[in-house]
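Here is the structure we will look at, set down as structure tokens.
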Amino acid sequence: MTDLVKQAESYEANELFDIKNSYYIGNYQQCINDAQKEPPNYGNLRLQRDIFMYRAYLAQKKYSIVLAEIKADSPPELKPFKLLAEYLQNPGNRSSILKTLEQELENMYEINHSLVIVATTIYNHEHNYESALRVLKNDDSLEGLTLSLIIYLRMNRVDLASKEFKKLKDKDEDATLTQMAQAWLNLALGGDKLQEAYYIFQELTDKYGVTALLLNSQSVCYIGQCEYKKAEITLQDALEKDSNDIDSLVNSLFISVHTKVSADVAKRQLNMLRDAYPNSDFIENYNKKEAEFDALSQSYQQ
């Protein structure tokens with residue numbers, strides 16, 4: 001690699017650092033604000049900024065913006081995010097979108113990182129972890145490795161997640177994604193590792209600012225340590241940052257039994273989840289269990 005290419009890559013990395021970092025820690029509005037500033041016309045810097053801007057809009061559930069602005073003649077690196085917006089906005093049409101995704105993957109002759117990210121996200125929603133890992137197989141970027149680690153944690157394969165973390169650490173030990181991956185791995189390991197995870201999230205907060213994602217992550221550390229009152233306070237702070245954050249809402253509902261929250265408040269939290277996330281895994285599973293309980297109760301009344 002020539003010195004000129006190295007300088008160009010270093011320049012782009014520095015210019016994009018704040019945008020990417022804001023996205024990774026969950027500060028989506030800051031990511032959008034920084035991405036909308038006029039970028040210098042250097043390399044693919046403008047394209048990369050657009051990618052993270054649209055990803056931040058998706059994280060904010062502003063699907064219509066992505067659908068309206070990414071068009072047929074947009075760069076190939078942007079088009080997958082329109083497909084993701086369609087998937088997230090139209091739960092009833094997901095089978096058709098999955099077929100389109102599979103066709104796109106079959107026609108991917110060289111790594112399209114955006115398509116890899118979108119495919120992995122969709123397969124995660126579908127709980128199709130095998131397909132997600134297959135897509136990630138040849139993506140050795142920091143984000144690709146982090147996604148593989150997350151999938152292994154969802155599969156309760158902490159051993160394989162630990163191997164992915166070693167790859168991340170070898171690639172860039174100080175990267176925000178590496179730090180967050182270590183904290184998530186520590187959460188899965190539990191025990192004394194919970195406190196280490198808390199310190200990592202706190203350090204990221206001290207360096208880059210408070211976000212609902214980081215606060216909710218700290219609340220999980222408290223929950224693992226049975227420190228429910230501290231978790232409750234932290235979750236209240238998280239919901240002040242983002243009142244519709246699904247993880248904070250679910251965790252608040254989870255600890256309500258431990259913090260002696262009134263039945264009315266707990267019911268209100270559940271209704272908020274049902275209104276904001278009717279198709280989420282949590283609500284679908286809750287509705288299923290509720291229906292099973294009602295059916296069982298009726299059988300005893302007959």
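These numbers were taken from a predicted model, which means no experiment stands behind them.
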Could [X] and [Y] be called an ion pair, given the rule that one side-chain N must be under 4.0 Å from one carboxylate O?
X: Arg157; Y: Asp159; answer: yes
X: Asp264; Y: Arg268; answer: no
X: Glu102; Y: Lys99; answer: no
X: Glu143; Y: Arg55; answer: yes

If only side-chain N and O atoms count, and only distance matters, is there a donor-acceptor pair under 3.5 Å linking [Y] with [X]?
X: Asn107; Y: Gln103; result: no
X: Gln179; Y: Glu203; result: no
X: Asn216; Y: Asn251; result: yes

Report the residue from Phe17, Tyr54, Tyr28, Tyr208 that forms a ring pair (Phe, Tyr, Trp, His ring centres under 6.0 Å) with Tyr23.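 Answer after filtering Phe17, Tyr54, Tyr28, Tyr208: Tyr28.
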List for me each residue that meets salt bridge (Lys or Arg N to Asp or Glu O under 4.0 Å) alongside Arg134, sequence neighbours excluded, and say none if there are none. none
Checking Lys171 now: which residues fulfil salt bridge (Lys or Arg N to Asp or Glu O under 4.0 Å) with it, not counting sequence neighbours? none
Close side-chain approach of [X] and [Y], heavy atoms under 4.5 Å:
X: Glu86; Y: Tyr63; answer: no
X: Met53; Y: Gln36; answer: yes
X: Asn124; Y: Thr120; answer: yes
X: Ile51; Y: Gln48; answer: yes
X: Lys167; Y: Asp140; answer: no

Donor-acceptor under 3.5 Å ([X] side chain, [Y] main chain):
X: Asn90; Y: Gly92; value: no
X: Thr234; Y: Ser219; value: no
X: Ser280; Y: Tyr277; value: yes
X: Lys71; Y: Ala68; value: yes
X: Ser243; Y: Leu239; value: no

Assess the residue pair Thr176 and Asn21 against the criterion (side-chain hydrogen bond (donor to acceptor under 3.5 Å, both in side chains)); give the C-alpha distance rounded to whole Å, side-chain angles, the decisive distance to 0.1 Å, and a yes or no. CA-CA 7 Å; Thr176 297; Asn21 212 59; 2.5 Å; yes
Stepwise side-chain hydrogen bond (donor to acceptor under 3.5 Å, both in side chains) check, His127 with Tyr129: CA-CA 6 Å; His127 302 289; Tyr129 301 132; 3.2 Å; yes
Under 6.0 Å from the [atom1] atom of [X], do we count more than 12 heavy atoms belonging to anything else shown?
X: Asp192; atom1: CG; result: no
X: Glu292; atom1: CD; result: yes
X: Lys61; atom1: NZ; result: yes

Mind checking the [atom1]-[atom2] spacing from [X] to [Y]? Nearest 0.5 Å is all I need.
X: Leu185; Y: Tyr152; atom1: CG; atom2: OH; result: 13.5 Å
X: Ser248; Y: Leu215; atom1: OG; atom2: CG; result: 7.5 Å
X: Glu232; Y: Asp237; atom1: CD; atom2: CG; result: 11.0 Å

Which label fits His258 and Tyr228: parallel for a plane angle under 30°, tilted from 30 to 60°, or perpendicular past 60°?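 The rings of His258 and Tyr228 lie parallel, inter-plane angle below 30°.
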Is there a side chain to side chain contact (heavy atoms under 4.5 Å, CB included) between Asn27 and Cys31? Walk through the geometry before answering. CA-CA 6 Å; Asn27 194 347; Cys31 174; over 6 Å; no
Please tell me whether Phe81 and Tyr57 form a close aromatic pair, meaning their ring centres lie under 6.0 Å apart.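 So the answer is no for these two rings.
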Find out if a path of hydrophobic residues (ILVMFWY) with successive side-chain heavy-atom gaps under 4.5 Å connects Val210 to Leu249. no
What heavy-atom pair brings Asn112 and Pro76 nearest, and what distance separates the two atoms? ND2-O, 3.5 Å
Please determine if Arg94 forms a cation-pi arrangement with Tyr87, meaning its NZ or CZ atom is less than 6.0 Å from the six-membered ring centre and no more than 45° off the ring axis.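 Output yes; distance and angle both within limits.
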Applying salt bridge (charged side-chain N to carboxylate O under 4.0 Å, His left out) to Lys37 and Asp34, what does each step give before you reach the verdict? CA-CA 6 Å; Lys37 295 175 183 176; Asp34 288 343; 3.3 Å; yes
Trace of the salt bridge (charged side-chain N to carboxylate O under 4.0 Å, His left out) decision for Lys166 with Glu173: CA-CA 9 Å; Lys166 186 179 184 306; Glu173 184 175 6; over 6 Å; no
